[in-house]
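Heads up: numbering here begins at 1 and tracks the sequence. None of the values given here were measured: they were computed from a predicted structure.
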Amino acid sequence: MPMGKSSAQGHKRMEGGPHLVPHVRAVALTSYLEVASFSGLDPYEMLRRVHISPGMISDPESHIAATSLCKLLEDSAQSSECPTFGLAMAECRTFASLGPLALLLEHLGSIKDVVDALTEYRRHLNDIVILGVEEGGGDQVLRVELLAKFATPQAADLAIGVAYVVLRGASRFRWQPLEVHFSHSEPADGAHFGRFFSVPVRFSSSFNGFTCSRDSMATEWPWANETMASHARRLLTLVPLAPEKAPVTESVMRLISLCLPSGHATLSDIAARMGKSPRTLQRALAEEGRRFADLLNEVRRSLVVQHLSANNCSMTTIAALLGFFSSSSFSRWFLLEFGVAPRVWRAEQLRAAQTNVL
């Protein structure tokens, strides 16, 4: 993939910053051995290829590199010729597999409270999933996004599938979304998704996650128990977590991913959401060797590949999703970053995909 001169320089700048290694709890690989074996794979050989030892996944509280998890899922789906590999793993998950966090969620009062808690304690799950609720005039959008560099189809299927299991379990099966959305295109076995979620599933969507009725998010549950929830919160403070190597950078990138479609991924908007002044945020990023403009560009570069790969997504739509005010400004940015026009890049990728099929 060709890169413009400024892009190459930006890439070098990024390499000079602190080395970030986002992690996921090993519980994310619950049922991997069984699903891989059922799909005709040697699960231990697949784990070896991505440098994950069987001992690492035997303890659900241990942590593994997110890059290894994503590569394992994509390699397994491809090698087994099972396009729903990630979803099959999600089918094997239960609400209780959340571990100590489940003790808190089961005592909260609404789906909104559950989403807030999942956001607050996200690092008890993993470092790469982003939850966010978009307020609107009608139905609400509950986004379940991954950090752009980890937004592979299988990882998205697993994350959204597990989120569905968790939200259904926390609500004692009272909550149900109106629709489920995936930004990737429909796989060969799209019917499998309909059977799992039992609601309409939309592929090649502008986001990953769910649309929900406002009432379903706010309805108070009669079993809510604040005393037990407080006990669970104290228990969670005792669970050891590895320190984030660049907490401000990671937080900013998550917020950029959430705010781009609404056009509010600016330094001032992100700083306000973090309760900081723009200057304070800039200083905090500088301490981690990063700049806001570079992070914005990094997120856009990762997301644009994902959106362009969805062949039915127009350039105007993609421009809006990436926070550009016009398709022309988006095209100029893309040309500078990738060295070709976005339509040309998409056509080249489509030809390459057809060649591989043939």
**Q** Tell me, please, which residues at least two apart from R300 pass salt bridge (Lys or Arg N to Asp or Glu O under 4.0 Å).
**A** none

**Q** Could you list the residues that satisfy side-chain hydrogen bond (donor to acceptor under 3.5 Å, both in side chains) with S230, not counting sequence neighbours?
**A** E226

**Q** Kindly determine whether V252 and M274 satisfy side chain to side chain contact (heavy atoms under 4.5 Å, CB included), including the steps that lead there.
**A** CA-CA 8 Å; V252 167; M274 298 178 70; 3.7 Å; yes

**Q** Which residues pass the side-chain hydrogen bond (donor to acceptor under 3.5 Å, both in side chains) test with E91, sequence neighbours left out?
**A** H192

**Q** With sequence neighbours excluded, tell me which residues meet salt bridge (Lys or Arg N to Asp or Glu O under 4.0 Å) with R332.
**A** none

**Q** Heavy atoms, side chains only, cut-off 4.5 Å: are Q176 and S198 in contact?
**A** yes

**Q** Is NZ or CZ of R93 both nearer than 6.0 Å to the six-membered ring centre of Y164 and within 45° of the ring axis?
**A** no

**Q** Using side-chain heavy atoms (C-beta onward) and a distance below 4.5 Å, is V133 in contact with M217?
**A** yes

**Q** In Å and rounded to the nearest 0.5 Å, what is the CG to NE2 distance from N225 to H231?
**A** 8.0 Å

**Q** Does S277 use its side chain to pair, donor to acceptor, with the backbone of T280 at less than 3.5 Å?
**A** yes

**Q** Distance from E179 atom CD to R202 atom CZ, nearest 0.5 Å?
**A** 4.0 Å

**Q** Kindly compute the distance separating CZ (R233) from CG (L101), expressed to the nearest 0.5 Å.
**A** 9.5 Å

**Q** For S79 and S76, does a side-chain donor sit closer than 3.5 Å to a side-chain acceptor?
**A** no

**Q** Should the pair H181 and F207 be assigned to parallel (<30°), tilted (30 to 60°) or perpendicular (>60°) ring geometry?
**A** parallel

**Q** Please check this pair: side chain of R168 against backbone of W175, looking for a donor-acceptor N/O pair closer than 3.5 Å.
**A** yes

**Q** Donor-acceptor pair, distance only, cut-off 3.5 Å: does the side chain of S37 make one with the backbone of E34?
**A** no

**Q** Quick check: F193 with F203 (ring centres under 6.0 Å apart)?
**A** yes

**Q** Working to the nearest 0.5 angstrom, can you tell me the gap between R346 CZ and F334 CZ?
**A** 9.5 Å

**Q** Within a strict 4.5 Å, meaning less than it, do heavy atoms of the D116 and L108 side chains meet?
**A** no

**Q** Between Q282 (side chain) and F292 (backbone), is there a donor-acceptor pair under 3.5 Å?
**A** no

**Q** What distance separates N297 CG from R291 CZ, expressed to the nearest 0.5 Å?
**A** 10.0 Å

**Q** Without hydrogens or angle criteria, can the side chains of D113 and W221 be said to hold a donor-acceptor pair below 3.5 Å?
**A** no

**Q** Output the distance between atom NZ (K276) and atom CG (L267), rounded to the nearest 0.5 Å.
**A** 12.0 Å

**Q** Do the side chains of R48 and E45 get close enough for a salt bridge, i.e. N-O under 4.0 angstrom?
**A** yes

**Q** Let me check something: do V141 and I111 share a hydrophobic cluster, defined by ILVMFWY side-chain heavy atoms less than 4.5 Å apart, either directly or through other members?
**A** no

**Q** Can you give me the closest heavy-atom contact between A224 and G109, atom names plus distance?
**A** CB-CA, 3.5 Å

**Q** Is it the case that S331 and S328 place a side-chain donor and acceptor less than 3.5 Å from each other?
**A** no

**Q** Would you find a donor on one side and an acceptor on the other, under 3.5 Å apart, between the side chain of S39 and the backbone of S80?
**A** no

**Q** Please test F210 against Q140 for side chain to side chain contact (heavy atoms under 4.5 Å, CB included), starting from the C-alpha separation and ending with a verdict.
**A** CA-CA 8 Å; F210 312 98; Q140 292 187 319; over 6 Å; no

**Q** Please report the C-alpha distance between F325 and F330 in whole Å, then the side-chain angles of each, then the deciding distance to 0.1 Å, and finally whether the ring-ring contact (aromatic ring centres under 6.0 Å, His included) criterion is met.
**A** CA-CA 8 Å; F325 292 109; F330 159 64; over 10 Å; no

**Q** Without hydrogens or angle criteria, can the side chains of D157 and H184 be said to hold a donor-acceptor pair below 3.5 Å?
**A** yes

**Q** Identify, with sequence neighbours excluded, every residue that meets salt bridge (Lys or Arg N to Asp or Glu O under 4.0 Å) alongside R195.
**A** D189

**Q** Is there a path from V27 to V166 through hydrophobic residues (I, L, V, M, F, W, Y) whose side chains come within less than 4.5 Å of each other?
**A** no

**Q** Is L178 reachable from V165 through a run of hydrophobic residues whose side-chain heavy atoms are each under 4.5 Å from the next?
**A** no

**Q** Kindly indicate, with the supporting measurements, whether the criterion side chain to side chain contact (heavy atoms under 4.5 Å, CB included) is fulfilled by V114 and S171.
**A** CA-CA 9 Å; V114 170; S171 69; over 6 Å; no

**Q** Determine, for R290 against E288, whether the closest basic-nitrogen to carboxylate-oxygen distance falls under 4.0 angstrom.
**A** no

**Q** Testing the 3.5 Å rule here: is there a donor-acceptor pair between the side chains of T266 and D269?
**A** yes

**Q** Is it the case that one hydrophobic cluster holds both F38 and L72, taking links as side-chain heavy atoms less than 4.5 Å apart, direct or via other members?
**A** no

**Q** Consider only side-chain N and O atoms of E220 and S110, and report whether a donor and an acceptor are under 3.5 Å apart.
**A** no

**Q** Any side-chain heavy-atom pair from L285 and L295 closer than 4.5 angstrom?
**A** yes

**Q** Between S183 and S205, is the side chain to side chain contact (heavy atoms under 4.5 Å, CB included) condition met? List the steps.
**A** CA-CA 4 Å; S183 61; S205 181; 5.6 Å; no

**Q** Quick check on the hydrophobic clustering: are W345 and V304 connected, directly or via other members, by side-chain heavy-atom contacts under 4.5 Å?
**A** yes

**Q** Can you list every pair that meets ring-ring contact (aromatic ring centres under 6.0 Å, His included) and has a residue in residues 65-107, with sequence neighbours left out?
**A** Y32-F85

**Q** Counting only heavy atoms from other residues, nucleotides and ligands, does the tally under 6.0 Å from CD of Q78 exceed 12?
**A** no

